[in-house]
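Some notes on the structure that comes next.
If you're wondering where the values come from, they're calculated on a predicted model, not measured in any experiment. In what follows, chains are A, B, ... by sequence order, proteins preceding strands, each numbered from 1.
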Amino acid sequence: MQIVLIGLNHRTAPLELREQVAFSNEDVERATAELRDRCAMEETVVLSTCNRSELYGVRHEAEKSADGLEGFFADFHGLSRAQLNGCLYHRADLDAVRHLFRVAAGLDSMLLGEAEILGQVREAYRRASDAGSTGPVLNRLFQGAVEVGRRVRAETELGARPMSAASAGIKLAERVFGDLSSHSALVLGSGEIAEQAVEQFRQRKIKHLWIASRKLEHARSLAARVEAQTIPWDEFPGMLDRPDILVASVAAEQPVVSCEMLSHAMTDRKKGSMLLLDLGVPRNIDPAAADLYNFYLYDLDALTEIVEQNRQAREQEIPRAEAIIDAQISKFEAWRAGRSAVDLVDDLRSRLDSRRRRILEAHAAAFAHLGPEVRDDIDRLTAQLVEEMLKEPADRLRHARTWRERVQHMETLRGLFGLDSEDEQ
Amino acid sequence: MPGHWSYITLVLYLASLGLYVRFLYAGRRWTGRLATILLALGLGSHYLALLERSHWVHSVPYNDLYGSLSLFGWLLAATYLGLELYYRQRSMGAFVLPCVLVLFIVGTWSSHGLPATHLEQGTMFALHVTLSILAYAAFALAFLLSTVYLLQDHYLRRRGAAGWRCPAMWRFPPLEGLEKMSRGSVRVGLVSLVAGTVLGILWEIRVQHHFLFMDPKVLITLVILALYAGYLWVSRRTGWRGARASLMCALTFLVVIFSYAVVNVYLSQFHRYL
């Protein structure tokens, strides 16, 4: 029984190639069936995200080379092997296990420690499980991967710190206001960065979200996606007393939010502090607003500085994440060893039983004069003898203190009983 | 000699402090939970240590300055625990526990307690002192909350990444939460101080048959009441809420320290501990 992995990711393949080998939901089902037939895979999971396409499988015939899988990968996507040359990586057994655990932990992601990958691993496993293409090994492996991802996020700082200017800004908003679900925000602009900010607000279930843009249609389509309200561009200065957070990301030569506007807003405002996130270049909010009482102003430079610092902090967390992965690999290997032990005892039982039957058949003539009841008794007693002989080693295997000890016992049994040789079969 | 409950309390508070600090830096949930559990156990054993002292002096365990310091520490820890459970915010534990420990150690190991005079007995006296010290504990907590508010406000205003390098900074309670907790704590303190003062006046009239209004302790208490009432009022005004109100709250606590450490020891005839 061997765990195999073949795939490519953002490190080994350019975006164009990654796009070509991505598996859609429909592809996953077809790929699973083909892998079973063509590559003798007993279990399969397809993990396909924008940065990676990976096939995880379990097969009996370890001697089959990776060529079969590579060929499948190329044929399935209508590519030649030359096109994939140097882009695919292969892993087997422990290496494959470690690779998946690192992926789930976010250590193999383009953005170190990103949170989305754990959901994607979970989703790939769920889809494979629903399709009936997983078995005990991949079930255990992917459950372990999900646990690794969850633990790494809970026990290290790897995923804790924001890694984009927009998310760093929203994180700062949480430093000021706490839970944003009872607060409000106004986003000026409807471009890509404004969109990121709006998405962050949506994820945090912000109570009120207004969007104002010179391009009203853009603002409307963005607002429709997140159940926000749009306001005409000219009216936003009169609205400034209402939001707790102001995000500005518009293309403008001069600041669109002046100190006077903010001073008026604070006078009319019945609430406390206001966070200003200026994500525009050139700046959209008058820098002098930083000196106004109860306003916290962050521009792109300040936020980028925080993001860079967070990236370094995340890198420092890698050893802790690797330690969690090592622990989970040990658990998985212990489980595999236990599972192999059951197979081993079954194998031994079937060999001893087959010898017992052969001996009984060889001496059948000597028992011919005995009645059928006595012959049945001899059969039962010899079968019982085999079971008794197996009881002690099976117990010792089951109760081994560590998985390494269990593996040692298994090797001893295999060696002593010649279970690795095929002669007996 | 401090009894064995005092040593158990010391160990529990120290362990709890260690875990609160670890929680602030590493953010592991179980560390925070364990810190809270140890603090609760520490409160229990601290209570038993106060009872031991009470048996020794045949009175309330805070008839001298050191006994009152120990009670101050106990009430500070209890008030914090209540606030932590109510607001579900553990990150202040690392700031509160050092104060609790200092108060407990000084209160327990500096003096064994003096036998009480006949005046320092009775329910009304006990309630007067307990409520007054509860008020101080609540004000101390508001001071710590306001200080953390000012610290965070400082780093938010600096805008650079320097303040956010430390992982603990991302785990402090949000500014709004700190304001709410601080106001809540001051409200508890005000109510306790008013009730404690009224009981003190009644007790003084009962034992002395008159009330000495010009006692420095009474005057400073009125000042404290006025300042904290003022804080509650301005903390909701547009031009004051936030950092200015927090600064006022923190500075007002200096008056409380003056009242507790200087007026009680040197100025007041009637409230003098030593």
Please say whether more than 12 non-hydrogen atoms of neighbouring residues, nucleotides or ligands are located less than 6.0 Å from OH in B/Y25. no
Quick one: closest heavy-atom pair of B/Y155 and A/Y298, and the distance? O-OH, 3.6 Å
Give a yes or no on this: more than 12 heavy atoms of other residues, nucleotides or ligands lie within 6.0 Å of atom CZ of B/R237. yes
Expected output: side-chain A/R175 to main-chain B/F172 donor-acceptor under 3.5 Å: yes
For B/R241, does its backbone N or O pair with a side-chain atom of A/N294 as donor and acceptor, under 3.5 Å? yes
What do you reckon, is CZ of B/R236 surrounded by more than 12 foreign heavy atoms closer than 6.0 Å? no
Would you call A/E157 and B/R171 a salt bridge, using N to O less than 4.0 angstrom? yes
In Å and rounded to the nearest 0.5 Å, what is the CD to CG distance from B/E176 to A/D244? 6.5 Å
Is it the case that more than 12 heavy atoms not belonging to A/Q254 sit under 6.0 Å from its CD atom? no
Could you tell me the separation between the OG atom of A/S273 and the CG atom of B/D153, rounded to the nearest 0.5 Å? 7.5 Å
With a cut-off of 6.0 Å (strictly less than), are more than 12 heavy atoms of other residues, nucleotides or ligands near NZ of A/K271? yes
What is the distance from atom OH of A/Y293 to atom CH2 of B/W240, rounded to the nearest 0.5 Å? 8.0 Å
